[in-house]
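Take a look at the structure below.
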2 protein chains.
Amino acid sequence: MALSAEKLTNNQQTVLDLLEKSKEPLKAYAILYDTQKKGIKAPLQVYRALDKLIEIGKVHKIESRNSYIACEHKNCNSSTSTSFLICETCDQVSELTQKNLPSYFAKQSEQADFKYAKHNLEIYGVCKDCSKSLVVGGKIDH
Amino acid sequence: MALSAEKLTNNQQTVLDLLEKSKEPLKAYAILYDTQKKGIKAPLQVYRALDKLIEIGKVHKIESRNSYIACEHKNCNSSTSTSFLICETCDQVSELTQKNLPSYFAKQSEQADFKYAKHNLEIYGVCKDCSKSLVVGGKIDH
DNA sequence: TAAAAAATGTTATAATATAACATATCAAAT
DNA sequence: ATTTGATATGTTATATTATAACATTTTTTA
């Protein structure tokens, strides 16, 4: 069965729904807390759902933040490489959808005699919205 | 005082020495264990030394592995951006020294109206040595 | 040498993640 | 429809990674 056609179980759907509604990445224990009413009671239930969702590409982990985000792409089945833009001001995260990154990295790796398989890229900076309010307001509002 | 001229304290030097001798990235509690004989007794002593070493660019954290590696570059004072090649076969890690990565990422980010500040890149694949032994031996020796 | 800044030592605890195992559910192929 | 094998669940316990809080000491700077 193709990954993209895979039917989710209750726990998996519960976790995915929450992540898709969220504006920001969520941490595992935040997910646990927010899904108690849906019957998820233990960390393992969250981690197992996350593992599966990551495997089928519906969710990505942001390693440097220990947090999880729903994939923005329809029918994404790339569980492998990820590229994020992380705003240091508001903590919002978006995916960098650059199709040529893998081949670029493959080329860079090759120069070090390294065979590229996949990557995780986390770019930190200031997002559009925060950049705007910074100019308008004159200072960052934390 | 310039960061590169900074003199290290005992704990900091102990942790750095260990990391520089190591062929692979080390985890914090592995560092703790290996430095007991040098007088480091508690996790906080390790984490505090690591924090400082990271701040002055002598050590980098590999986020997806929760492990730490000494910087390969002489007089590195870049505590900001990091780029690693991580071998999935032998777990060895080397730094990708590509001076134009930041400007490349800045350009990519700009297309998403995102102001690049720094990045963390973790490329997974197979290193030169493992690639070789794979061909010669016919299979991976774990 | 006094004041300020940074580092230390120590105990406790927070935050993140997995082990182990018994049970249940689902999908495919008889 | 029923066995079978794979996958998911529920649960308790525990491992792993990291920080809080606070008293003390050392180092740096003025």
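Below, all heavy atoms of this structure are taken into account, side chains as well, without hydrogens, waters or symmetry copies. Sequence lines set the chain letters: A, B, ... in the order given, protein chains first and strands last, and positions in each chain run from 1.
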Report task. Examine C:dC26: is either OP1 or OP2 under 4.0 Å from a nitrogen or oxygen in the side chain of A:Thr9? Give yes or no. Result -> no
Report task. Compare side-chain N and O positions of A:Lys61 against OP1 and OP2 of C:dA17 and report whether any pair is under 4.0 Å apart. Result -> yes
Query - Spacing of B:Lys7 atom NZ relative to D:dT26 atom P, expressed in whole Å - result: 14 Å
Query raised in the report: Is there a path from A:Tyr68 to A:Ile62 through hydrophobic residues (I, L, V, M, F, W, Y) whose side chains come within less than 4.5 Å of each other?
Result: no
Query raised in the report: Looking at A:Lys41, does any N or O in its side chain come under 4.0 Å of the phosphate oxygens OP1/OP2 on D:dG10?
Result: no
Query raised in the report: Would one find a side-chain N or O of A:Lys52 under 4.0 angstrom from OP1 or OP2 of D:dT7?
Result: no
Query raised in the report: Which of the following nucleotides, D:dA21, D:dT11, C:dT16, is nearest to the side chain of B:Leu44?
Result: D:dA21
Query raised in the report: Of all the choices, D:dA8, D:dT9, D:dT17, which nucleotide is nearest to the side chain of A:Arg48 once you look at every atom?
Result: D:dT9
Requested in this report: Give the ring-plane orientation class for B:Tyr116 versus B:Phe105, where under 30° counts as parallel, over 60° as perpendicular and anything between as tilted.
Outcome: tilted
Report task. Please report, rounded to the nearest Å, how far the C1' atom of C:dT16 is from the CD1 atom of A:Ile62. Result -> 16 Å
**Report entry** Whole-Å distance separating the NZ atom of A:Lys38 from the P atom of D:dG10
**Finding:** 15 Å
Report summary line: Taken to the nearest whole Å, CG/A:Leu8 to P/C:dC26 is 14 Å
**Report entry** Side-chain N or O of B:Asn10 closer than 4.0 Å to phosphate OP1/OP2 of D:dT26
**Finding:** no
Query - Whole-Å gap separating P (C:dT16) and OH (A:Tyr29) - result: 8 Å
Query raised in the report: Just to confirm, is there a sub-4.0 Å distance from OP1 or OP2 of D:dA8 to any side-chain nitrogen or oxygen of A:Gln12?
Result: yes
Query raised in the report: Okay, side chain of B:Thr35, backbone of B:Ile31: is any donor-acceptor separation there less than 3.5 Å?
Result: yes
**Report entry** Smallest separation among heavy atoms of B:Glu72 and B:Ser94, with atom names
**Finding:** OE2-CA, 3.5 Å
**Report entry** Atom NZ of B:Lys61: over 12 foreign heavy atoms under 6.0 Å
**Finding:** yes
Query raised in the report: How close or far is atom P of D:dA8 from atom CG of A:Leu50, stated in whole angstroms?
Result: 14 Å
Query raised in the report: Does D:dT16 have OP1 or OP2 sitting under 4.0 Å from an N or O in the side chain of B:Lys27?
Result: no
Query raised in the report: Of the nucleotides C:dT10, D:dT17, D:dT11, which has the atom closest to the A:Gln45 side chain?
Result: D:dT11
Report task. Test A:Asp91 against A:Arg65 for salt bridge (charged side-chain N to carboxylate O under 4.0 Å, His left out), laying out the working first. Result -> CA-CA 10 Å; A:Asp91 286 328; A:Arg65 295 280 173 101; 3.0 Å; yes
Query raised in the report: Do the side-chain N or O atoms of A:Asn66 get closer than 4.0 angstrom to the phosphate oxygens (OP1, OP2) of D:dA18?
Result: no
**Report entry** Residue-phosphate contact under 4.0 Å: B:Asn11 side-chain N/O, C:dA7 OP1/OP2
**Finding:** no
Query raised in the report: Given atom OH of B:Tyr33 and atom C1' of D:dT17, what is their separation to the nearest angstrom?
Result: 19 Å
Query - Atom pair distance, as rounded to whole Å: CG in A:Leu32 and P in C:dT18 - result: 15 Å
Query raised in the report: Quick one: is C:dA17 close enough that its OP1 or OP2 comes under 4.0 Å of any side-chain N or O from A:Tyr47?
Result: yes
